[in-house]
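In what follows, a structure is listed as structure tokens, so that the remarks can point back to it.
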2 protein chains.
Amino acid sequence: MDHVDRILAQWQRERPDLDISAMGLLGRFTRLRNHIGREIEKTFAERGLTSASFDVLAALRRSGPPFQLSPGDLLATTMVSSGTMTNRIDQLEKQGLVQRLDNPDDRRGVIIALTPEGLERVDEAATAHVTNQHRVVASLAPDEREALDALLRKLLATFE
Amino acid sequence: MDHVDRILAQWQRERPDLDISAMGLLGRFTRLRNHIGREIEKTFAERGLTSASFDVLAALRRSGPPFQLSPGDLLATTMVSSGTMTNRIDQLEKQGLVQRLDNPDDRRGVIIALTPEGLERVDEAATAHVTNQHRVVASLAPDEREALDALLRKLLATFE
DNA sequence: CGACGATATCTTGACGTCAAGATAATATCG
DNA sequence: CGATATTATCTTGACGTCAAGATATCGTCG
């Protein structure tokens, strides 16, 4: 009987006409997302980053040398709007972690490049982040983590 | 080989020192959350609501007649800060869906009450919402939904 | 009864996000 | 070649959220 069960019991009492058999799953999903999101955010905050800024730095880092991508490339991996990406890049540029370079092949476009400090910061943050990720899912046994991953993969496939 | 697998492959190539075995699960979790969140939001938007406003109306609705709770009660179920709750109530009050009443037992406090229109709107939205919830998880078989719910429950128990 | 720590709610200021639209450059096609 | 559609990025304005602190009231304990 967790928090979500209590919510379901209230709905059952007040609106017995509703089929709430999917509500528990989605309610737990949402609450879990809030908890996990906050845990992840803490680790980044200790290093002057946010999930948002790490997402951008990480995309540049894992693309390999020379650690450069266009805003359009970054958009394709991060599930945010173009306005949000502009804003994220602005913030990272102010912090000196990325740089906007002219795109020699297309004068409409720019190239976002990790600075040496950006590279250092994202590598350090990535190390801490993966450790933290393990901590967050530590209460599940390895086979449970695998089962959960498989189910999430199947459901995610509906959307992408 | 989904989007997350490609990200993992990049990390593996660039940072083979990292143990990324938890990253796939959490990456899929986050992406899924974005997709599902947007689907849910659409249903509410068609009815002039948001997930945020529905959360508040729903808490009042499922508490049963007379559909009244204090802001503190609402805070306890919704995982947001007090400032956020004040803002949510302000918006709902402007829309005429809730009303702030004096709390006769405690002059520091107020009571948030669903208006007749608020009751009608939340009942209609709840009906549409549960239907939409089923649609969102329809790609999983019943036993898979149950397995997923059980795993989320176990993981959520770590945090609450 | 009166002081003082707890409690309930609200205020403020800073961010991050989005949708819609603006701007500038490129690509296509008659 | 020139007109027109398309593309890449940025701008604008509106929200929702949070942390930190303000305000007013309550409860307790000497």
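So that the names make sense, note that chain A is the first sequence line, chain B the second, and so on, each numbered from 1. Only this structure's heavy atoms are used, side chains among them; waters, hydrogens and symmetry mates stay out. Keep in mind that what you see is a predicted model, and the values were worked out from it rather than measured.
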I'd like a table of atom pairs between the protein and nucleotides 1-6 of chain C - only N or O on both sides, under 3.5 Å - with the distance next to each one.
none

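OP1 or OP2 of C:dC10 has at least one side-chain nitrogen or oxygen of B:Arg100 nearer than 4.0 Å.
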Given protein heavy atoms under 4.0 Å, the one-letter contact record of nucleotides 15-21 of chain C, with B base, S sugar-phosphate only and - none, is simply -SBB---
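Checking A:Asn87 against A:Thr84 by side-chain atom types alone, no donor-acceptor pair falls below 3.5 Å. Side-chain atoms of A:Arg135 and A:Asn132 include a donor-acceptor pair closer than 3.5 Å. At a cut-off of 3.5 Å, with distance as the only test, a side-chain donor of B:His134 or A:Ser21 sits close to an acceptor on the other residue. Counting only N and O atoms by type, the side chains of A:His35 and A:Glu39 include no donor and acceptor under 3.5 Å apart.
Along DNA chain C, the nucleotide nearest to A:Asp105 and the one nearest to B:Asp106 differ in position, and the one closer to the 5' end is contacted by B:Asp106.
Ring orientation note: the planes of B:Phe54 and A:Trp11 are close to parallel, at an angle under 30° on the 30°/60° scale.
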Check your understanding: Could you walk me through whether B:Val122 and B:Leu60 pass the side-chain contact (heavy atoms from CB on, under 4.5 Å) check?
Key -> CA-CA 9 Å; B:Val122 69; B:Leu60 291 166; over 6 Å; no
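For A:Glu46 and A:Lys42, the salt-bridge test fails: no basic side-chain N is under 4.0 Å from an acidic carboxylate O. For the pair B:Lys154 and A:Asp2, the salt-bridge criterion is not met [side-chain N within less than 4.0 Å of a carboxylate O]. Between B:Arg107 and B:Asp102 no salt bridge is recorded (no basic side-chain N to carboxylate O distance below 4.0 Å).
Atoms CD (A:Glu93) and C1' (D:dT9) sit 13 Å apart, rounded to a whole Å. Atoms CG (B:Asn103) and C1' (C:dT9) sit 12 Å apart, rounded to a whole Å. Atoms CG (A:Asp102) and C1' (C:dT26) sit 16 Å apart, rounded to a whole Å. The separation between A:Arg107 atom CZ and D:dC10 atom C1' is 19 Å, rounded to whole Å. Nucleotide D:dA8 holds its P atom 14 Å from the CG atom of A:Leu69, rounded to whole Å. Rounded to a whole Å, the CG atom of B:Asp90 is 11 Å from the C1' atom of C:dT9.
Set against C:dT11, C:dT26, D:dT9, the side chain of A:Val110 has D:dT9 as its closest nucleotide.
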